[in-house]
Amino acid sequence: MMIKRLTTLMLLASASLLPQSSFAADDARCATVNQSDPGWTDIAATNAVSGVVLNALGYQQKVQNLSVALAFQGLKTGQLDVFLGNWMPAQAPVIAKFTDDISVIGANLPAAKFTLAVPDYVAKAGVKDFADLEKYADKFDHKIYGIAPGAPANQNIKKMIDQHDFGLQNWNLVESSESGMLAQVTRAVDRKQWIVFLGWEPHAMNTRFKLTYLSGGDKWFGANYGSATVNTVTRKGFAGQCPNLNRFFTQLKFNVPLENAIITRVLDDKQSPEDAARAELAKHPELLTGWLNGVTTRDGQPAESTVKKALGI
């Protein structure tokens, strides 16, 4: 009896050392992943990629259209779980208010770009730096075209104008949606008119238009032509409640060519973000290996083979 009892205890101890199903560790609320989209095409693309994978893993994704500030507020209150669009350093003033209430789990895109841009014909005419804008104020009609009201980048531009930096006086920021701003850029380019606007990469605008990013805006958009890092942010407690999901989102890394390709499919080929994401993942199945290392499906099955099967890879 003693030998049998010792054998049983040894088996139980050994079992406790084996990897446990992350599904067993996940809280029930992890079944639905709440994410946010500020109305930016690049975040719609990355949300679509994560959603396609999450659905294949047995989770549901819910995306809410919220401004950046409201997204951080949603993370603070627990209404949101994940935000893939923390562009830094542009969002530094906003995120500073929430550092105790959220978790930045890492960069999902380390090589982004975000600053003012002009069409190439404007650059060739002499506008290559922020300091060149005021010299041609009349040609620009004293306007800088931005994105949606409340965006951190818009706030930076407003401060720049209010402080008359680069000699900018009597200039105005024209706030609009991303699509509205790009429609204005399209009209200006078609007519060879002068325009300065917020540009960023990854985005299809980089292939649709011949752009020049302006130098000299380090104070407002960061060094190296607005070199930016896009981070993944979660609510506090997400890692403890949803370790399987947290591992996936920690390992979810994008690249500029992938995002550009998805955005181009959406804007130019009129595909849905989900269809565009599936098509590009089918072309780059190797990405799934890194994203899903050590991750399981919601019911505890190997993730990579399941996702590839769901995507027909």
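Residues: numbered from 1 along the sequence shown. Keep in mind the model is a prediction, meaning the values are calculated, not measured.
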Trainee: For the pair Phe114 and Trp87, name the ring-plane relationship: parallel under 30°, tilted 30 to 60°, perpendicular over 60°.
Mentor: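 It falls in the tilted class, 30° to 60°.
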
Trainee: Closer than 3.5 angstrom, by distance alone: can the side chain of Asp132 be matched with the main-chain N or O of Lys128 as a donor-acceptor pair?
Mentor: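 Indeed, once roles are kept as given, a pair shorter than 3.5 Å links the two residues.
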
Trainee: Report yes if the side chains of Met160 and Phe166 come closer than 4.5 Å at any heavy-atom pair, otherwise no.
Mentor: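 Sidechains of Phe166 and Met160: in contact.
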
Trainee: Between Asn108 and Thr232, does any side-chain donor sit less than 3.5 Å from a side-chain acceptor?
Mentor: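 Note: Asn108 and Thr232 side chains meet the donor-acceptor criterion.
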
Trainee: Please answer whether the main-chain N or O of His203 pairs with a side-chain N or O of Asn260 as donor and acceptor at a distance below 3.5 Å.
Mentor: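 Checked: pair present.
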
Trainee: Do Asn244 and Tyr59 meet the criterion of a side-chain donor-acceptor pair at a distance under 3.5 Å?
Mentor: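 Yes.
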
Trainee: Among Ile157, Ile161, Asp162, Asp141, whose side chain to side chain contact (heavy atoms under 4.5 Å, CB included) with Trp171 holds?
Mentor: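 The side chain to side chain contact (heavy atoms under 4.5 Å, CB included) with Trp171 is passed solely by Ile161 among Ile157, Ile161, Asp162, Asp141.
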
Trainee: Are the side chains of Phe83 and Ile102 in touch, meaning some heavy atoms are under 4.5 Å apart?
Mentor: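 When only atoms from C-beta onward are counted, Ile102 and Phe83 do not touch, as no gap falls below 4.5 Å.
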
Trainee: How long is the straight-line distance from CD1 of Ile313 back to CZ of Arg278, given to the nearest 0.5 Å?
Mentor: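 Between atom CZ of Arg278 and atom CD1 of Ile313 there are 11.5 Å.
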
Trainee: Just checking, any donor-acceptor pair under 3.5 angstrom between side chains of Gln169 and His142?
Mentor: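 Distance-only check fails for Gln169 and His142.
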
Trainee: Are the side chain of Thr234 and the backbone N or O of Phe238 linked by a donor-acceptor pair below 3.5 Å?
Mentor: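 Checked: no pair found.
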
Trainee: Compare all side-chain heavy atoms of Ile147 with those of Glu175 and state whether any distance is below 4.5 angstrom.
Mentor: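 Not touching, per the 4.5 Å side-chain cut-off.
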
Trainee: Give me the atom names and distance for the closest heavy-atom approach of Ser215 to Asp129.
Mentor: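 Shortest heavy-atom separation between Ser215 and Asp129 comes out as OG-OD2, 2.7 Å.
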
Trainee: So that I can tick it off, tell me whether Lys309 and Glu304 are bridged by a salt bridge, with the cut-off set at under 4.0 angstrom between side-chain N and carboxylate O.
Mentor: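 Not counted as a salt bridge, because no side-chain N and carboxylate O are separated by less than 4.0 Å.
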
Trainee: Answer yes or no: is there an ion pair linking Asp101 with Arg235, defined by an N-O contact shorter than 4.0 Å?
Mentor: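 No, no charged N to carboxylate O under 4.0 Å.
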
Trainee: Is it true that a side-chain atom of Asn86 and a backbone atom of Val104 form a donor plus acceptor pair closer than 3.5 Å?
Mentor: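 The answer is no, because no donor-acceptor pair under 3.5 Å joins these two groups.
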
Trainee: Taking Leu258's backbone N and O only, do any of them form a donor-acceptor pair with Glu280's side chain (distance below 3.5 Å, no angle check)?
Mentor: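 Checked: no pair found.
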
Trainee: Establish, yes or no, whether the cationic atom of Lys113 lies under 6.0 Å from the six-membered ring centre of Tyr213 and within 45° of the ring axis.
Mentor: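 Yes, a cation-pi geometry holds between Lys113 and Tyr213.
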
Trainee: For the pair Asn172 and Ile144, evaluate side-chain contact (heavy atoms from CB on, under 4.5 Å) and give the outcome as yes or no after the intermediate values.
Mentor: CA-CA 6 Å; Asn172 295 294; Ile144 298 175; over 6 Å; no

Trainee: Okay, side chain of Ser50, backbone of Asn47: is any donor-acceptor separation there less than 3.5 Å?
Mentor: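 Side chain of Ser50 to backbone of Asn47: a pair is present.
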
Trainee: If you round to the nearest 0.5 Å, how far is CZ of Phe72 from NZ of Lys97?
Mentor: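 Rounded to the nearest 0.5 Å, the NZ-CZ separation comes out at 11.0 Å.
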
Trainee: Nearest 0.5 angstrom please: Asp81 CG to Thr32 OG1, how far?
Mentor: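 Separation between the atoms: 8.5 Å.
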
Trainee: Where do Pro152 and Val94 come nearest, in terms of heavy atoms and distance?
Mentor: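 Heavy atoms of Pro152 and Val94 come nearest at CG-CG2, 3.6 Å.
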
Trainee: Please determine whether side-chain contact (heavy atoms from CB on, under 4.5 Å) holds for the pair Ile95 and Asn231, giving the CA-CA distance in whole Å, both sets of side-chain angles, and the decisive distance to 0.1 Å.
Mentor: CA-CA 11 Å; Ile95 198 173; Asn231 294 321; over 6 Å; no

Trainee: For a 4.5 angstrom cut-off between non-hydrogen side-chain atoms, does Val63 reach Ser36?
Mentor: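 In short, these two side chains do not touch, never coming nearer than 4.5 Å.
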
Trainee: Go through the steps for Val82 and Val33 under the test side-chain contact (heavy atoms from CB on, under 4.5 Å), then give the verdict.
Mentor: CA-CA 7 Å; Val82 181; Val33 184; 4.2 Å; yes

Trainee: How long is the straight-line distance from CG of Leu267 back to CD1 of Ile262, given to the nearest 0.5 Å?
Mentor: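 Separation between the atoms: 12.0 Å.
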
Trainee: Over all heavy atoms of both residues, which pair between Val295 and Gln251 is shortest? Give the atoms and the distance, please.
Mentor: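 Nearest pair, atom of Val295 first, then Gln251: CG2-NE2, 4.0 Å.
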
Trainee: Quick check: are there more than 12 heavy atoms from other residues, nucleotides or ligands sitting under 6.0 Å from NZ of Lys236?
Mentor: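 Counting other residues, nucleotides and ligands, NZ of Lys236 exceeds 12 neighbours.
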
Trainee: Counting N and O atoms only, with roles assigned by atom type, does the side chain of Asp268 sit under 3.5 Å from a partner on the main chain of Arg265, one being a donor and the other an acceptor?
Mentor: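 Flag not set: sc Asp268 to bb Arg265 has no pair under 3.5 Å.
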
Trainee: With the threshold set at 4.0 Å, does a side-chain nitrogen-carboxylate oxygen contact exist between Arg187 and Asp190?
Mentor: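 No, Arg187 and Asp190 are not salt-bridged.
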
Trainee: Keeping Gln184 on the side-chain end and Ser176 on the backbone end, is there a donor-acceptor pair under 3.5 Å?
Mentor: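 No, the answer is negative, given that no donor and acceptor are paired below the 3.5 Å cut-off.
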
Trainee: Under a plain distance cut-off of 3.5 Å, with no hydrogens placed, do Gln61 and Gln35 share a side-chain donor-acceptor pair?
Mentor: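 A donor-acceptor contact under 3.5 Å links the two side chains.
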
Trainee: Taking the side chain as every heavy atom from C-beta outward, state whether Leu281 and Trp291 have any atom pair closer than 4.5 Å.
Mentor: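 With C-beta onward as the side chain, the pair touches.
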
Trainee: Where do Leu292 and Val307 land on the side-chain contact (heavy atoms from CB on, under 4.5 Å) test, with the steps shown first?
Mentor: CA-CA 9 Å; Leu292 299 174; Val307 173; 3.7 Å; yes

Trainee: Looking at Gln73, is its backbone amide N or carbonyl O close enough to the side chain of Thr77 to form a donor-acceptor pair, meaning the two atoms are under 3.5 Å apart?
Mentor: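 Checking the backbone N and O of Gln73 against the side chain of Thr77, a donor-acceptor pair under 3.5 Å is found.
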
Trainee: Is the shortest heavy-atom distance from the side chain of Val127 to the side chain of Val196 under 4.5 Å?
Mentor: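 Counting from C-beta outward, Val127 and Val196 never come under 4.5 Å.
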
Trainee: Between Asp37 and Trp40 (side chain of the first, backbone of the second, donor and acceptor by atom type, cut-off under 3.5 Å), is there such a pair?
Mentor: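 Judged by distance alone, yes, a pair lies under 3.5 Å.
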
Trainee: Thr229: what forms a side chain to side chain donor-acceptor pair (under 3.5 Å) with it, not counting sequence neighbours?
Mentor: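 Scan of Thr229 (side chain to side chain donor-acceptor pair (under 3.5 Å), adjacent residues dropped) gives none.
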
Trainee: For a side chain to side chain donor-acceptor pair (under 3.5 Å) check, start with the C-alpha distance between Asp120 and Thr212, then their side-chain angles and the critical distance, and finish with the verdict.
Mentor: CA-CA 5 Å; Asp120 64 337; Thr212 294; over 6 Å; no

Trainee: Assess whether a salt bridge exists between Arg29 and Asp27, defined as any Lys/Arg side-chain N lying under 4.0 Å from an Asp/Glu carboxylate O.
Mentor: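 Not counted as a salt bridge, because no side-chain N and carboxylate O are separated by less than 4.0 Å.
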
Trainee: Looking at Gly222 and Pro89, what are the two nearest heavy atoms and their distance?
Mentor: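 Closest heavy-atom pair between Gly222 and Pro89: CA-CG, 4.2 Å.
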
Trainee: How many angstroms lie between CE in Met205 and CH2 in Trp200, if you round to the nearest 0.5 Å?
Mentor: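 These two atoms lie 4.0 Å from each other.
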
Trainee: About how many Å separate CD of Gln193 and CZ of Phe140, when rounded to the nearest 0.5 Å?
Mentor: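 It is 12.0 Å, given to the nearest 0.5 Å.
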
Trainee: Side chains of Asp218 and Tyr225: does their closest heavy-atom pair fall under 4.5 Å?
Mentor: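 No, every pair of side-chain atoms sits at 4.5 Å or beyond.
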
Trainee: CD of Gln64: more than 12 outside heavy atoms within 6.0 angstrom?
Mentor: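 It does: Gln64 CD has more than 12 such atoms within range.
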
Trainee: Is Lys139 close enough and on-axis enough to Trp194, meaning under 6.0 Å and within 45°, for cation-pi?
Mentor: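 Judged by the rule (NZ or CZ under 6.0 Å from the ring centre, within 45° of its axis), Lys139 counts as positioned above Trp194.
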
Trainee: Partners of Lys253 by side chain to side chain donor-acceptor pair (under 3.5 Å), sequence neighbours excluded?
Mentor: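 Testing Lys253 for side chain to side chain donor-acceptor pair (under 3.5 Å), a comparison that skips the adjacent residues, returns none.
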
Trainee: Specify the closest pair of heavy atoms between Glu178 and Gly39, including all atoms of both residues, with the distance to one decimal.
Mentor: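 In this case the closest contact between Glu178 and Gly39 is OE1-O, 3.5 Å.
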
Trainee: Indicate the atoms forming the closest heavy-atom contact of Pro285 with Lys308, along with that distance.
Mentor: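 Result for this residue pair: O-CE, 3.9 Å.
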
Trainee: In the structure I gave you, are the side-chain heavy atoms of Val266 and Asp275 within less than 4.5 Å of one another anywhere?
Mentor: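 Of all side-chain heavy-atom pairs linking Asp275 with Val266, none is under 4.5 Å.
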
